[in-house]
Amino acid sequence: MGNIYSNIYSFNNKMLKKTVNSLKRGNIAGLPTETVYGLAGNAYSKSAVKKIFKLKKRPKKNPLIVHYYDLKFIHGDILVNQYFRRLYRKFCPGPITFILRKKKNSKIGSLVTANLSTVAIRFPKHKIARAVLKSLNFPLAMPSANLSSGLSPVNASDVFDEFKNKLKIIIDGGKSKFGIESTVIDLTGIPRILRPGIISSDKIKKTLKINLSNKKTKIKSPGMLKKHYSPGIPVILNKKPTNQKHAFIFFGKKYKKKENYFCLSKKSNLSEAASNLYKIMRNIKRKGYKKIFVSKIPNRGLGIAINDRLKRSAS
Ligand code: TXA
Ligand code: MG
């Protein structure tokens, strides 16, 4: 039957109604998406958005992603362009977030966007997230469901670990399919990746048939601030541990099994590695290890997103 958590529910029609009603009342819920679990609230409600920042202890200068069911719902809020249309057609719904300009009369408030003139929008593919969005007449502000600067949750119980009973509803959608966050791409000028993710820059380049900008001047995405994705213990890259109190994360078949060794993918598959990364790091922390050492991960395809997260978690 049920589980040991009083606020984790499996999904059915009754639970859909309950969740939708709770969100309509301005509450915050933990929801599964295909990337990681999110902390969802009415993006048009200032008080709901405030609750999200407070729960996460998120700095006010770090804006949230607004999640929509589909294209039809964004027109009052967002100015679109050709790049967006092409990428939407190819990848949505799916694990990609677009930075676009906010319309003058947009119902998205300045707290969501940290006073920027732009908005991050995403159309999640997960069937539970979509069922909830479809039943609402507002989009959902939904950052990853972790305390600011921590690891994104990839299971309902991870969300519970972060917020305990501060959430009334966490919907259990099983382990997140991708296990790492969406790609964030700025489309307000020459398209530029702000956060590498599930959809690679190569695929985006092919779709748009242009070269992406790699301008690195100022930090445009506050989530790109260095300290982020931290498991709460030191992470050391490209080194092996010298004792049993420290865990070791590696990729492929290079090392023999040991108690403190954790493999991201025996088959050397980068999607599998990405989907295991946060799960393994959380597990290592739970087991009481004091440090995490990580061997080199190939820097191609999804390896680029993995190395981005590892670098930030190590800083
Ligand atoms: O996969 C995902 O994107 C997950 C799921 C739940 O959808 N969400 C997620 O949200 O990762 P969050 O808040 O953890 O990360 C959002 C990132 C942050 O780095 C934030 O700074 C950036 O998007 N962002 C949001 N609005 C922005 C804007 N207007 N301009 C630039 N960056 C923005
Ligand atoms: Mg996050």
Side-chain angles (χ1 to χ4, degrees), residues 28-41 43 49 52-53 55-68 77-79 91-102 106 108-126 128-130 132-133 139-156 158-159 162 170-171 173 176-189 191-199 218-230 274-275 278 305 308-309 312-313:
I28 307 306
L31 296 184
T33 86
E34 73 278 21
T35 54
V36 299
Y37 276 70
L39 204 56
V49 172
I52 294 177
F53 276 94
L55 277 163
K56 276 186 67 90
K57 301 196 170 84
R58 179 161 172 133
K60 289 272 158 50
K61 61 169 200 255
N62 192 359
L64 308 178
I65 301 177
V66 180
H67 295 65
Y68 290 89
D77 294 330
I78 312 291
L79 276 168
F91 299 114
C92 293
I96 180 163
T97 296
F98 309 100
I99 310 296
L100 289 162
R101 292 193 194 286
K102 186 156 113 171
S106 175
I108 295 167
S110 57
L111 191 58
V112 177
T113 61
N115 278 318
L116 298 171
S117 56
T118 56
V119 194
I121 65 168
R122 176 161 119 74
F123 307 86
K125 191 168 189 171
H126 196 288
I128 296 178
R130 275 177 73 74
V132 173
L133 283 167
L140 291 171
M142 185 157 55
S144 53
N146 52 277
L147 292 167
S148 188
S149 89
L151 289 179
S152 296
V154 295
N155 277 296
D158 298 344
V159 181
E162 298 281 330
I170 300 168
I171 302 285
S176 306
K177 179 178 171 204
F178 294 117
I180 201 167
E181 303 80 0
S182 64
T183 304
V184 178
I185 184 161
D186 181 1
L187 299 178
T188 60
R192 174 156 77 108
I193 305 269
L194 301 184
R195 178 175 75 184
I198 299 300
I199 297 190
K218 61 175 183 197
I219 293 168
K220 250 206 119 179
S221 192
M224 301 304 280
L225 288 171
K226 265 199 165 164
K227 187 185 179 308
H228 216 116
Y229 311 109
S230 160
S275 90
Y278 293 153
D308 169 75
R309 305 307 188 274
R312 285 171 215 288
S313 72

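Treat the numbers as computed from the prediction; the structure is a model and nothing was measured. The first residue of the sequence shown is numbered 1, and numbering continues consecutively from there. Start at 1 and go down the list; that is how both ligands and their atoms are numbered. As a basis for the values below, the full set of heavy atoms in this structure was taken, side chains included, without hydrogen atoms, waters or symmetry mates.
In this structure, R312 forms no cation-pi arrangement with Y229, as its terminal cationic atom is not both closer than 6.0 Å to the ring centre and no more than 45° off the ring axis.
At least one N or O atom of R58, backbone or side chain, sits closer than 3.5 Å to an N or O atom of ligand 1. Considering both main-chain and side-chain atoms, E181 never comes within under 3.5 Å of ligand 1 through any nitrogen or oxygen pair. At least one N or O atom of S182, backbone or side chain, sits closer than 3.5 Å to an N or O atom of ligand 1. Remark: ligand 1 and N62 share an N or O pair separated by less than 3.5 Å (distance only, no angle test).
Nearest residue to atom 25 (C) of ligand 1 from P63, P124, S152 is P63 (criterion: closest heavy atom).
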Would you check, one step at a time, whether the test side chain to side chain contact (heavy atoms under 4.5 Å, CB included) holds for V112 with I52? CA-CA 10 Å; V112 177; I52 294 177; over 6 Å; no
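Within ligand 1, counting atoms from 1 as listed, the ones closer than 4.0 Å to a heavy atom of T35 are 1 (O), 2 (C), 4 (C), 5 (C). Near G38, meaning under 4.0 Å from one of its heavy atoms, ligand 1 places the atoms 6 (C). Atoms of ligand 1 lying under 4.0 Å from any heavy atom of I99, numbered from 1 in the order shown and given with element: 27 (C), 28 (C), 30 (N), 31 (C), 32 (N), 33 (C). Within ligand 1, counting atoms from 1 as listed, the ones closer than 4.0 Å to a heavy atom of S144 are 8 (N), 9 (C), 10 (O), 12 (P), 14 (O). Each of the following atoms of ligand 1 lies closer than 4.0 Å to a heavy atom of P143: 10 (O), 12 (P), 13 (O).
In this structure, the side chains of I121 and D77 stay at 4.5 Å or more apart for every pair of heavy atoms. Two residues are said to be in side-chain contact when any heavy atoms from C-beta on lie closer than 4.5 Å; Y68 and L133 fail this criterion.
Using a 4.0 Å cutoff on heavy atoms, T113 does not count as a contact of ligand 1. Using a non-hydrogen distance threshold of 4.0 Å, H228 does not register as a contact of ligand 1.
Excluding waters, the set of protein N/O/S atoms under 2.8 Å from the Mg ion (ligand 2) reads S144 OG.
Only the side chain of L116 comes within 4.0 Å of ligand 1, counting heavy atoms alone; its backbone N, CA, C and O stay farther away. Contacts between K102 and ligand 1, counted as non-hydrogen atom pairs separated by less than 4.0 Å, are absent for every part of the residue.
The neighbour count for R130 CZ, taken as heavy atoms of other residues, nucleotides or ligands under 6.0 Å away, is above 12.
When the side-chain contact (heavy atoms from CB on, under 4.5 Å) test is applied to T97, the partners found at least two apart in sequence or on another chain are I65, A120, R122, S182, V184. For Y278, there are no ring pair (Phe, Tyr, Trp, His ring centres under 6.0 Å) partners, not counting sequence neighbours. With sequence neighbours excluded, the residues satisfying side-chain contact (heavy atoms from CB on, under 4.5 Å) with A43 are V66, P139, A141.
Under a 3.5 Å cut-off, the side chain of E34 and the backbone N or O of K177 do not form any donor-acceptor pair. In this structure a side-chain-to-backbone donor-acceptor pair under 3.5 Å is present from T33 to T35. Although no hydrogens or angles enter the test, the distance criterion places a donor-acceptor pair under 3.5 Å between the side chain of T183 and the main chain of I198. At least one donor-acceptor pair under 3.5 Å links the side chain of K56 to the backbone N or O of S144. Listed for the D158 side chain is a donor-acceptor partner under 3.5 Å among the backbone atoms of N155.
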